[in-house]
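Here's the structure, in structure tokens; my notes come after.
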Amino acid sequence: MALLTKKDTKLILDPLADNNPITIQVLGICSALAITAELNASIVMAVSVLFVLGLGNVVISLMRNIIPSKIRIIVQLVVVAALVIIVDQVLKAFAYELSKTLAVFVGLIITNCIIMGRFEAFALGNGVWRSFLDGIGNAAGYGIILIIVGFFRELLGSGTLLGIPVLGNPIDKTGLYSIGYENNGFMLLSPMALIVVGILIWIQRSRNKALIEEN
Amino acid sequence: MLEHVELFFKSIFIDNMVFATFLGMCSYLAVSKKVATAVGLGAAVIFVLAVTVPLNWLLDQYILRDGALAWLGPEYADYNLSFLSFILFIATIATMVQLVEIVVEKFSPALYNSLGIFLPLIAVNCAILGGSLFMQAREIATLGLAFNYGLSSGIGWFLAILAIAAIREKIRYSNVPPPLRGLGITFIITGLMAIGFMSFGGMLTGGDEAPAPEPTTAQKSEIEKTTLEKEKQEKAVSYNTIVKE
């Protein structure tokens, strides 16, 4: 492909697995965990971060030669804050219920470490197109974890996906519930998000031994 | 007075920043390998939260919220600038952190040497912005309460990072499965600690605050039952692991 050289593809694909922002780089966990009790909220959060990180990386990369390095943190914060305000206002206008569920966590995208981390590590030193790809790749890596965690928490916790019951009706005892299956309400509580991510890390690292840390 | 005491304990234990809302997780995970550095970062977080939350409370009260500009004159009374709160809060935090850094460096080099390296990190710590945003969302009523809220959430964060750092120092001597080493086991321990902290819920409010939204009223009793049972089991497990170590 002319548009994406091999190196560019690597920029997008690397963060999806072996250099994942959440499980390997330990970035952006703050806002990731609290909102994953429902798949719906996880998807919206993933898309918001994709938008903010993709565009933010482009803006910072465009300005990389005119930002004095002493005040770069403040400049970066202002750029992210402006983008997040856009996301917040759009959510409030078109998905009010959802924006109530996400509450302050939309605002907390500003201090999401992935965003500052990518600005510092990549956008300040690379061209616009590459920065954009890097932003998209990292946001997608973040989104994938969010969606996996949201999928399992909603499925096991309330037996629904995107609000649609998929395992049958727990009150009428249809579907899986007819053979004695019960929802695990514990999955809806916040500590389980941490444990699910812990298990994901476990699986990933047992598949790829190179990622194992020394104690 | 009573509301101060209530808010204080509530923000430390029930609404603990790390265990209930996952704020500041990045630095919590990255800087918790040693107790000494954890204490430094924790102290800096307490300090910055106690300064920025009241400041942002003033901003919210007199500039941002609906009708807050009324003190300028009646023609400004219907302005609602609350959509600007993200950008103003983060700007305040970034400048305050910078200012604090300069002042501390000038007047107390010893403190600067122990806190200094952590201060720039703090500007992008979710716990700090989260403190201000929760202060706004929960509509904290007075400046004193806002200060109290900042201080006590900071203390809660400090406790959390201190606990995990101590556990991580000890865990080095135990035989963790290799793929779980480092990050994985830290996540799981934090989860177990969060379950432990959930037992504080209902300490002050009598249990009228549910820790997580429950899907339907029909499922409610069922969920509550399983949750209680699970909680008991998990608590026992986490207690055992801590005791073992």
Side-chain angles (χ1 to χ4, degrees), chain A residues 23-24 26-34 37 73-74 76-78 80-82 84-85 88-89 92 101 103-104 107-108 110-113 116 157-158 160 170-171 182-186 188-199 201-207 209 211-215, chain B residues 19-26 29-30 83-87 89-91 94-95 98 120 123-130 133-134 136-137 171-172 176-188 190-192 194-195 198 211-215 218-219 222-224 226-227 230-231 234:
Chain A
T23 61
I24 310 296
V26 207
L27 295 174
I29 296 148
C30 329
S31 53
L33 297 175
I73 302 262
I74 293 181
Q76 288 163 4
L77 284 174
V78 171
V80 193
V84 170
I85 288 176
D88 187 45
Q89 297 293 317
K92 270 188 187 145
T101 329
V104 299
L108 287 172
I110 299 175
T111 46
N112 193 322
C113 327
M116 298 302 283
S158 41
T160 58
I171 300 149
E182 296 268 352
N183 280 334
N184 183 358
F186 197 60
L188 295 177
L189 302 176
S190 44
M192 277 318 280
L194 285 163
I195 293 174
V196 172
V197 175
I199 292 169
I201 294 174
W202 191 358
I203 295 171
Q204 191 184 16
R205 293 189 184 181
S206 11
R207 291 168 59 96
K209 302 281 184 210
L211 300 174
I212 293 175
E213 288 174 52
E214 287 301 307
N215 242 339
Chain B
F19 297 133
T21 45
F22 301 116
L23 295 181
M25 284 297 281
C26 309
L29 291 169
F83 69 95
L84 282 177
S85 42
F86 294 157
I87 214 162
F89 284 178
I90 197 72
T95 22
Q98 206 96 72
V124 289
N125 187 332
C126 337
I128 311 293
L129 182 65
L133 289 177
F134 272 121
Q136 191 189 30
I171 213 163
R172 225 167 285 157
V176 181
L180 264 182
R181 268 177 205 157
L183 191 58
I185 196 72
T186 315
F187 265 102
I188 291 176
T190 312
L192 295 175
I195 293 164
M198 272 168 54
E214 277 149 13
Q219 289 174 319
E222 210 176 346
I223 286 174
E224 260 168 21
T226 45
T227 312
K230 285 277 170 185
E231 206 178 327
E234 296 286 347

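At a 4.5 Å heavy-atom cutoff, the contact between Leu29(B) and chain A is made by side-chain atoms alone. For Ala127(B), no part lies under 4.5 angstrom from a heavy atom of chain A. Looking at Gln98(B), only its side chain comes within 4.5 Å of chain A, counting heavy atoms on both sides. Heavy atoms closer than 4.5 Å to chain A are found nowhere in Ala91(B), neither backbone nor side chain.
Using a 4.5 Å cut-off on side-chain heavy atoms (C-beta onward), Val80(A) and Phe86(B) make no contact.
Between Ala82(A) and Ile87(B), the closest heavy-atom pair is N-CD1, 4.1 Å.
Looking at residues two or more places apart in sequence or on another chain, you find a ring-ring contact (aromatic ring centres under 6.0 Å, His included) between Phe19(B) and Phe197(B). With sequence neighbours left out, Ile199(A) forms a side chain to side chain contact (heavy atoms under 4.5 Å, CB included) with Ile195(A), Ile203(A).
In terms of non-hydrogen atom pairs under 4.5 Å with chain B, the most contact-rich of Val78(A), Leu194(A), Val84(A) is Leu194(A). Ranking Ile90(B), Thr186(B), Thr190(B), Ile188(B) against chain A, the residue ahead of the rest is Ile90(B), based on heavy-atom pairs under 4.5 Å.
Here the straight-line distance linking atom CD1 of Ile110(A) with atom CD1 of Ile85(A) works out to 7.0 Å at 0.5 Å rounding.
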